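This report refers to the structure that appears directly beneath it.
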Amino acid sequence: MATLKIGKEQHDVKFGFAFKNVADKNYNETDREGNETGGFISIYQGLLQFNLDALKAFWDCGLAHLKKRPSMAQIEAALEERIEEDGDTETLFKEAFQEINASGFFKKDAKTFWKNLDMFKEMGTEQEQVENAKAVQMLLDAKA
């Protein structure tokens, strides 16, 4: 389970409407066509790129269920402490993916993301399809 020690307390990430609401409010992005991608998908894509801001967003949303929600500065300090303890960020990202994969709340979103990504490989000209396939493979490698 993904846990983060903030101060003297261990906190577990929790998926639910509190996560979704904070993600959509603070981390939603707009694609090229002007469609909102949704906060969860924005965070998920960032995690696949091993983006530290996405990791902070994951924990910001994952702790949104707490009555006394930690500040971003507290989350950052706790993440820095974990990175120092672990020696790198790999464990933190692995825990995030394990939680998402085990979550019933966002399971359909993640599954749809990969289904759409698979269709993306077939889009465009022959040259674009080759480039799209490389991009998809890079994300699949990151997921693994």
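Here the structure is a predicted model, which means the values were calculated and not measured.
- When all heavy atoms of N101 and K107 are compared, the closest pair comes out as O-CE, 3.9 Å.
- The closest donor-acceptor contact from the side chain of N28 to the backbone of G38 lies under 3.5 Å.
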Checklist entry - Are E95 and R82 close enough, and set up right, to give a side-chain contact (heavy atoms from CB on, under 4.5 Å), and what steps lead you there? => result CA-CA 12 Å; E95 288 175 358; R82 276 286 305 277; 3.1 Å; yes
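- Within the 4.5 Å cutoff, the side chain of F93 has heavy atoms near those of the L52 side chain.
- Remark: R69 CZ to C61 SG distance equals 7.0 Å, nearest 0.5 Å.
- Residues F106 and Y44 place their aromatic rings such that the two centres sit no closer than 6.0 Å.
- With a 4.5 Å cut-off on side-chain heavy atoms, S71 and I75 do not count as touching.
- The line from CG of D109 to CZ of F40 is 6.0 Å long, rounded to the nearest 0.5 Å.
- By the salt bridge (charged side-chain N to carboxylate O under 4.0 Å, His left out) test, E81 pairs with no residue at all, sequence neighbours left out.
- E29 contributes no side-chain N or O that, together with a main-chain N or O of S42, makes up a donor-acceptor pair within less than 3.5 Å.
- Side-chain contact between I100 and F58 is present, with heavy atoms from C-beta onward closer than 4.5 Å.
- When side chains are defined from C-beta on, L48 counts as touching F97, because their heavy atoms get closer than 4.5 Å.
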N/O donor to acceptor pairs below 3.5 angstrom from side-chain atoms of residues 4-18, sequence neighbours left out:
{"from": "Q10", "atom 1": "NE2", "to": "T3", "atom 2": "OG1", "distance (Å)": "3.2"}

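- Distance alone, capped at 3.5 Å, is enough to place a donor-acceptor pair between the D24 side chain and the G39 backbone.
- The main-chain N or O of L47 is never found under 3.5 Å from a side-chain atom of N51 such that the two would form a donor-acceptor pair.
- Looking at D86, its side chain never comes within 3.5 Å of a backbone N or O of D88 through a donor-acceptor pair.
- Note: L92 CG to E85 CD = 9.5 Å, rounded to the nearest 0.5 Å.
- Electrostatic pairing of K56 and D60 does not count as a salt bridge here, judged by no charged N lying under 4.0 Å from a carboxylate O.
- Of all heavy-atom pairs between G46 and A54, the closest is C-CB, 3.4 Å.
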